[in-house]
Amino acid sequence: MSFTASTSRGARAYGPRRRTRAAAARGARLRLGAGTVAAGALAAAGALTPAAPAGAATSSARTPGHGRTSYALSLRAMPAGAVSFGRSNHGRLTVRVRMFGLTPGSAHQVDLVRPGASRPVRFSTLTASSAGRADSFLRSSFAGLVPLGSRLVVRMGTAGGRVSTEPIAQTGRLRHPGRGPHRLVAVEISPDGVSYGTPHGHATISYNAKRQTLTVTVSASGVTPGAHAAHIHLGRCQSQGAVKYMLKDLVASRRGRITRAVRVFTNVTSPIPAHGWYLNIHQGNSGNILSNGQPTIYFRPLICANIRTGAISSILRAGDVVTGVRGTGHGKVVLTGGAATGSGTQNDPFLFKGRLTTGAAGADVSILTPPFPGVTSATFYGPDTHSFNPRFIPDGKVRAVGSYTSSSAPPGVVNQGMIYLGPVNGSHGSWTSADVPADGAHTVGHARACPRHRATCFVMDTIAHSTMGDLVVGNYDLNPAVRGGVISANAFIYNLTRRQWTLLRLGGSMSSQTTLYGIWQDDGSSSPKYTLAGGSMASGRKQAFLMNYNERTGRFGPPKYFSFGHGPALVTHFEGITGVPGGFNLVAGSTAQASSMAFVPVNRDGRFGTARWHPVNVAGSAICASGCSLVTGNAVYKNHVMGLFLAAGAALPGTYLATLPRR
């Protein structure tokens with residue numbers, strides 16, 4: 001049988017903490033399994049090669065003095081805000097306008113455009129502060145009803161003429177004017193009346209400490225053709241400040257597009273700060289946005305992005321590396337991972353329950369001992385808790401999945417899957433060994449991991465990465481390798497209730513170097529619907545992906561693939577997933593950015609939207625002040641990201657906690 005239920009209980013918890021320190025650092029390939037964490041793996045951490053198992057998603061850190069830190073930015077249309085309608089004591093129509101992203105100190109004409117009316121309703125002038133903000137009650141002489149389909153329009157200026165009367169923001173067609181607030185949407189319309197829609201774009205800002213260069217790459221659409229001034233400012237989009245760096249003008253095509261415009265600053269001695277900078281692209285060019293040092297009408301911000309890195313600190317103790325997280329109520333979480341043992345080349349699985357704050361620095365973890373024969377190393381990867389799944393996890397217990405290596409394993413078998421259910425301290429918990437069957441036994445459709453024509457084939461690795469509901473997901477590898485020497489890597493779903501395996505066939509192949517790292521049960525603990533997250537070569541590139549799965553019907557939705565920053569990253573994998581309002585936050589590892597968080601919205605029809613990428617600059621933080629040779633992204637909870645970091649001169653890696661600004 002490929003599935004083995006252990007009857008051993010009462011595994012030793014806490015016990016001796018086994019914190020022997022040695023010069024060897026625990027391994028780079030933490031996500032591959034318990035048997036691939038040797039110190040020698042550090043040498044290979046710089047690249048994710050095709051020969052690595054599908055679980056590989058580790059990349060070298062870009063550290064000050066050793067390389068580059070990069071941040072992906074979402075450029076959003078300016079100005080932004082909302083309006084609410086009211087009436088004065090005399091029954092005259094009023095409107096309260098709250099906006100940011102206006103030209104500092106500017107004045108704007110505001111009109112209510114009514115269907116069929118020859119003239120708009122004119123309000124009093126809207127004036128922006130020196131930071132480009134406005135919060136004003138505007139008056140009118142109009143005492144009538146606001147017709148359905150009317151629209152409030154904020155214009156470029158007040159002086160009249162084609163430029164001043166251009167709309168820069170407007171509401172949608174009003175259905176219930178008195179019920180506000182109504183969102184203002186930025187628009188870009190040329191003096192000739194040509195509409196380019198709502199401006200938007202994305203950018204990457206990178207700092208190379210060794211070369212002392214700051215590089216900005218911008219792509220955008222929905223802007224008027226021609227040259228546009230662009231700056232890195234001090235402050236933020238919501239409260240504008242002085243110019244820090246002035247970019248050479250960006251040029252939009254006749255279709256209103258800016259395509260990968262690159263600007264490089266030299267002799268930059270300081271890295272990008274955690275906050276306090278923003279990137280702004282203006283309506284006009286460098287020659288007309290200022291007059292006598294003051295902003296002109298052409299200064300108008302078109303698209304803008306705040307540049308933030310978030311707060312980063314270390315938690316737990318050296319040698320304790322977090323690989324998974326799940327909330328457990330009352331503001332606490334359960335963390336899973338591996339604690340370095342002996343020379344640092346092996347692990348014990350651990351659990352931690354507590355608050356996810358900087359107060360977790362130096363905190364103890366509960367070390368558990370799997371009761372399987374001959375265990376030499378083991379790691380937990382993903383937990384689930386009673387708070388999320390009361391149907392399957394009793395109160396006071398957690399479920400954790402992972403892998404272990406054993407001297408008693410069959411010849412050639414490296415990693416075996418394991419499942420734990422019990423208290424955090426390990427007392428009287430139950431353990432199960434779970435290995436992907438090679439011969440089609442207990443699989444959906446009797447799918448065989450090993451084809452019949454490969455008589456010597458066997459499952460070399462089973463690595464359980466995450467669990468939720470009554471499902472476990474992960475990946476497995478076959479031996480011998482497929483033609484060309486690449487390990488035959490594929491993903492699995494294991495149903496705990498049915499004791500049945502689903503072997504993923506992505507891109508028409510069961511050897512597409514696919515791993516499922518994360519799982520999220522949609523719509524609550526009784527729902528059969530799940531979102532799966534991982535990485536795959538099925539698209540032709542090593543990309544992260546999301547995919548829907550219905551446990552009841554066994555049907556999969558189409559995968560959607562992602563690359564860090566929407567760019568040509570060699571490898572991108574999603575390592576963890578957490579549900580947030582409007583979609584998911586995912587932690588990612590990439591050859592382009594060692595650790596990042598992506599927010600992926602879910603549309604009303606259930607389709608996944610465009611990712612918004614948030615780099616996690618561990619290498620540029622205080623915990624890597626002397627440099628870090630390795631950084632990974634492993635787990636995400638709400639807007640908190642965790643992973644491994646190996647500081648220069650340290651014998652063992654640790655776990656960082658990065659708290660990113662909320663969306």
Side-chain angles (χ1 to χ4, degrees), residues 74-86 88 93-113 120-140 146 150-159 163-174 176-189 195-201 220 222-224 228-229 231 233-242 278-284 289 294-306 661 663:
S74 294
L75 292 162
R76 301 187 181 183
M78 295 290 112
V83 299
S84 300
F85 292 95
S88 69
L93 185 67
T94 63
V95 63
R96 183 178 184 179
V97 181
R98 295 177 175 176
M99 298 182 72
F100 63 87
L102 296 164
T103 299
S106 58
H108 301 270
Q109 179 179 316
V110 179
D111 296 330
L112 179 70
V113 179
V121 173
R122 181 71 51 80
F123 290 90
S124 52
T125 300
L126 176 70
T127 303
S129 70
S130 59
R133 300 177 63 89
D135 186 351
S136 304
F137 284 94
L138 308 182
R139 304 179 306 277
S140 78
V146 178
S150 298
R151 190 192 300 272
L152 188 88
V153 178
V154 180
R155 303 192 184 275
M156 187 96 153
T158 60
V163 175
S164 284
T165 56
E166 290 175 29
I168 60 172
Q170 59 189 25
T171 65
R173 298 292 182 183
L174 300 174
H176 306 286
R179 294 186 183 178
H182 307 279
R183 188 166 69 97
L184 285 164
V185 177
V187 293
E188 174 72 319
I189 300 176
S195 174
Y196 291 89
T198 297
H200 63 279
V223 300
T224 47
H228 295 269
H231 307 129
H233 291 257
L234 301 176
R236 54 196 179 99
C237 298
Q238 294 81 356
S239 184
Q240 300 171 56
Y278 66 97
L279 175 63
N280 204 1
I281 286 82
H282 300 270
Q283 174 90 66
I289 63 171
Q294 297 300 313
T296 70
I297 195 172
Y298 298 102
F299 186 94
R300 174 218 168 172
L302 278 179
I303 44 179
C304 186
N306 292 322
R663 295 185 295 112

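Not measured: the values here are computed from a predicted model.
Pairs passing the salt bridge (Lys or Arg N to Asp or Glu O under 4.0 Å) check and including a residue from residues 100-112, sequence neighbours excluded, read Asp111-Arg122, Asp111-Arg155. Applying the side-chain hydrogen bond (donor to acceptor under 3.5 Å, both in side chains) test to every pair with at least one member in residues 125-137, sequence neighbours left out, gives these pairs: Arg96-Asp135.
Heavy-atom minimum distance, Ala134 versus Ala128: CB-CA, 4.4 Å. Smallest separation of non-hydrogen atoms from Ser124 and Phe137: OG-O, 4.4 Å. Here the shortest heavy-atom pairing between Ala82 and Pro181 reads CB-CB, 4.1 Å. Annotation for Ala305 and Cys237: closest pair N-SG, 3.3 Å, computed over non-hydrogen atoms.
Between His108 and Val97, every side-chain heavy-atom pair lies at or beyond the 4.5 Å cut-off. By the 4.5 Å heavy-atom criterion applied to side chains, Val187 and Ser195 are not counted as neighbours. Val83 has its side chain out of reach of Val154: every pair of non-hydrogen atoms, C-beta onward, lies at least 4.5 Å apart. The shortest distance between side-chain heavy atoms of Pro79 and Leu184 does not fall below 4.5 Å. Contact check for Val185 versus Thr171: no side-chain heavy atoms found under the 4.5 Å cut-off.
A donor-acceptor pair under 3.5 Å is formed between the side chain of Thr103 and the backbone N or O of Arg300. Distance alone, capped at 3.5 Å, is enough to place a donor-acceptor pair between the Thr94 side chain and the Gly86 backbone. Remark: side-chain polar atoms of His233 are paired, donor with acceptor, to backbone N or O of Gly241 under 3.5 angstrom. Using a distance-only test at 3.5 Å, with no hydrogens or angles considered, no donor-acceptor pair links the side chain of His228 to the main chain of Gly284. Side chain of Gln240 to main chain of Phe100: no donor-acceptor pair is present (N/O by atom type, distance under 3.5 Å, no hydrogens or angles). The backbone N or O of Val223 sits nowhere less than 3.5 Å from a side-chain atom of Glu188 that would complete a donor-acceptor pair.
With rounding to the nearest 0.5 Å, the separation of CD1 in Ile281 from CG in Leu75 is 5.0 Å. Rounded to the nearest 0.5 angstrom, Ile189 CD1 and Thr224 OG1 are separated by 11.5 Å. Taking OG1 of Thr198 as the start and CD of Gln170 as the end, the distance is 8.0 Å to the nearest 0.5 Å. Rounded to the nearest 0.5 angstrom, Asn280 CG and His231 NE2 are separated by 8.5 Å. With rounding to the nearest 0.5 Å, the separation of CZ in Phe299 from NE2 in His282 is 4.5 Å. The CE atom of Met78 lies 10.0 Å from the CG atom of Leu102; values are rounded to the nearest 0.5 Å.
Checked against ring-ring contact (aromatic ring centres under 6.0 Å, His included), Phe85 has the following partners two or more places apart in sequence or in another chain: His182.
Residue-environment remark: OH (Tyr298) stays at or below the threshold of 12 foreign heavy atoms within 6.0 Å.
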- Query: Are Gln283 and Met156 close enough, and set up right, to give a side-chain contact (heavy atoms from CB on, under 4.5 Å), and what steps lead you there?
  - Reply: CA-CA 10 Å; Gln283 174 90 66; Met156 187 96 153; 3.7 Å; yes

